[in-house]
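Both ligands and their constituent atoms are indexed starting at 1 by order of listing.
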Amino acid sequence: MPKANTPFCLVLTGTGTDVGKTVATATLLRCLLDRKRTAMAVKIVQTGINAQDEGKSCASDSYYYHLASAEAPFATATTLHTFPLAASPHLAAKRVGQSLSCRMLAQEIKDFVLAHAHYDVLLFETAGGLHVPLSEQEDWLTLLPMLDFPVVLCAANCLGTLNHTQLSLDALERSGCEVLGLILSATHPAPDETEAIIRNNNLSLLKNRQSRLTLCSLPYTQLSAERMADLAQNLLPLAEVILAQKAYRPKADLLERDRASLWHPYSSVNACPPLSVVRTAYANRLVLEDGRELIDGMSSWWCAVHGYRHPHLESALTRQLARLPHVMFGGLTHAGAISLGERLKSHLPSALSRVFLADSGSVAVEVAMKMALQYQYGIGEKQRTRFLTPLGGYHGDTMGAMSVCDPVNGMHQLFTSCLAQQIFLPRPACRFDQPFAEQSLDAARQIFAQKGQEIAAVILEPIVQGAGGMWFYHPDYLNGLAELCHACGALLIFDEIATGFGHTGKFFALEWTRICPDILCLGKALTGGTLTMAATLCTEQVASGICANGQVFMHGPTFMGNPLACAVANASLDLLEQGSWQQQVQDIEQVMRRELAPCAGLANVRDVRVLGDIGVVETKGPVETDRLYGFFVDHGVWIRPFNNLVYLMPPYISPLEDIETLCRAIYAALAETGTGAEPRA
Ligand code: PMP
């Protein structure tokens with residue numbers, strides 16, 4: 001629930017060090033106090049000050065905040081971290097054996113805001129410019145998007161201002177920060193007429209170029225309590241903007257507007273499922289509109305394996321955006337698509353030599369099925385028009401893909417009459433973690449014997465059946481099935497849209513087997529969870545069968561090979577190729593095994609299984625999904641169960657204590673609600 005009062009939080013940052021940021025912050029504070037608002041200025045990290053001098057020495061910023069607000073009857077100034085070394089925060093902290101991290105600072109600031117919910121406005125001042133380091137790897141530009149507060153940029157009005165200001169505004173925009181205004185300060189008296197001309201020109205140029213920002217200027221002044229009231233007049237336009245925003249805390253009606261216009265996955269417009277508005281996300285955290293943060297247990301449906309807003313993925317996207325966001329793939333090509341094709345192949349058995357880029361998982365499955373049909377047609381096996389697939393499978397929501405989803409438990413019973421009639425096998429009975437039993441392939445043998453000549457291809461998700469039941473089965477089932485396909489002339493399609501890119505502990509799930517499929521579908525984590533893209537690969541044998549007798553492959557989506565998606569997919573491969581995913585997935589697996597094990601003792605739980613970063617608790621009956629949804633959000637985690645499955649598939653970069661929290665939330669939810677009990681016969 002949104003709180004009755006949420007302070008308006010603003011960050012004041014600068015184009016560099018000594019650009020007048022502190023005077024600007026103090027003056028804005030005074031301006032707000034003069035408008036009878038409760039406001040406080042907060043220095044996030046102060047360096048160059050001994051703790052006991054904080055606020056007293058004029059070397060500390062809060063000294064000026066006090067100067068501006070001496071008469072206020074409530075606290076108007078504070079500092080979160082103080083270090084004696086006059087250097088950047090990461091060096092100053094290191095000197096006293098400490099370290100800062102953006103995650104820690106973000107949490108601290110959010111806690112601070114919660115503790116000061118009765119204030120109207122909180123002004124947070126950074127130390128130095130945007131790229132000043134807070135830790136070895138992070139700077140203010142890492143922290144600001146985590147806070148997601150609007151920003152006011154402060155600049156010294158002098159020669160060079162236009163350049164520094166524009167570069168800082170560009171960087172803020174790239175980081176997704178909302179810039180409310182600009183404060184240009186004269187940090188020393190103008191020495192001559194030239195300087196005066198430059199300052200005036202800076203102001204008028206910025207006024208024109210940045211017309212959507214509120215631009216204020218502060219004249220040079222020797223700061224004193226007496227002068228503050230006059231000085232504050234200069235920032236009135238900015239204070240008006242802040243107070244207008246504070247009065248209009250807009251997004252409260254987002255849910256209503258959503259409900260009036262949109263449709264969500266697998267939902268009815270009449271009985272709206274619970275819904276939360278996400279404002280932003282970072283690492284493994286989703287930040288809701290009301291400021292609450294959820295630990296993500298879902299990787300946004302298997303995709304966001306590197307977490308959200310990974311800087312390497314973001315910069316790949318920004319660079320590509322500036323060069324070529326999209327171009328048709330018919331008759332044209334580009335370096336990003338070529339590299340992506342080559343790099344995907346380099347992670348796969350060499351037999352998979354052709355890459356067809358598609359725009360979503362379902363489309364990749366359609367492409368795979370069309371490849372199989374065109375191949376059989378091309379080699380003269382025109383009677384092979386059906387697909388064989390195990391029950392419990394899931395391959396997407398388009399017509400072809402639906403025809404090979406589980407026909408009973410799947411979501412597509414409604415369409416059965418107009419779907420191609422495929423052939424179904426029992427779900428592979430042999431568990432991944434049990435010795436393989438040869439009989440699990442008996443049903444397949446039988447079907448091949450009876451209907452083998454009709455089968456164009458077998459399609460299935462290797463090792464893990466995902467959305468159809470989160471079921472892990474034995475690699476030898478796939479080894480045996482491949483032999484049967486080969487002997488009969490049917491192709492083998494692996495749908496690795498869900499399992500690919502590390503989820504099962506191997507780069508691709510096919511690495512658990514001895515075999516290579518004829519066709520392979522990839523998607524989901526391909527772009528690290530940023531843009532929609534998928535790929536279907538096939539062997540040269542399949543490609544030449546399709547293209548026999550001058551035929552072409554009949555598929556070509558508008559957004560095929562989209563350069564933005566290729567760029568971010570290549571960037572995601574960069575991260576995966578660095579290799580840390582392997583240890584991360586192993587560690588996550590270990591924690592989930594340990595922490596989910598107690599669930600097996602609950603009366604409503606049938607099975608607990610873990611493989612790679614996939615942790616599943618299967619209940620005896622269907623769970624009350626809406627009730628669990630509320631429970632999880634209230635407990636600060638994002639877990640979205642379906643049917644009788646409560647499962648996790650967290651981003652690989654998740655801290656292990658967050659994995660523990662996710663697992664314990666599942667235990668608590670099932671223990672406390674008792675949902676998912678065996679249905680009465
Ligand atoms: N195949 C599998 C194995 C999947 O898990 C999914 C998506 N859950 C799809 C295909 C369909 O992908 P998309 O949602 O991108 O169309």
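- A centroid separation of less than 6.0 Å is found between the aromatic rings of Tyr647 and Phe642.
- Among Glu496, His347, Met533, the single residue meeting the side chain to side chain contact (heavy atoms under 4.5 Å, CB included) criterion with Leu522 is Glu496.
- Using modelled atom types, one side-chain atom of Arg309 and one backbone atom of Ala281 make a donor-acceptor pair closer than 3.5 Å.
- Near ligand 1, residues Ser360, Gly361, Ser362, Tyr394, His395, Gly396, Glu461, Asp495, Ile497, Ala498, Lys524 come within 4.0 angstrom through at least one heavy atom.
- A distance-only check finds a donor-acceptor pair linking the side chain of Asp518 to the backbone of Leu492 [under 3.5 Å].
- Between His310 and His312, the ring planes lie perpendicular to each other; the angle is over 60°, past the 30° to 60° tilted range.
- When each of Val623, Leu670, Val617 is paired with Pro641, the side chain to side chain contact (heavy atoms under 4.5 Å, CB included) condition holds for Val623 and for no other.
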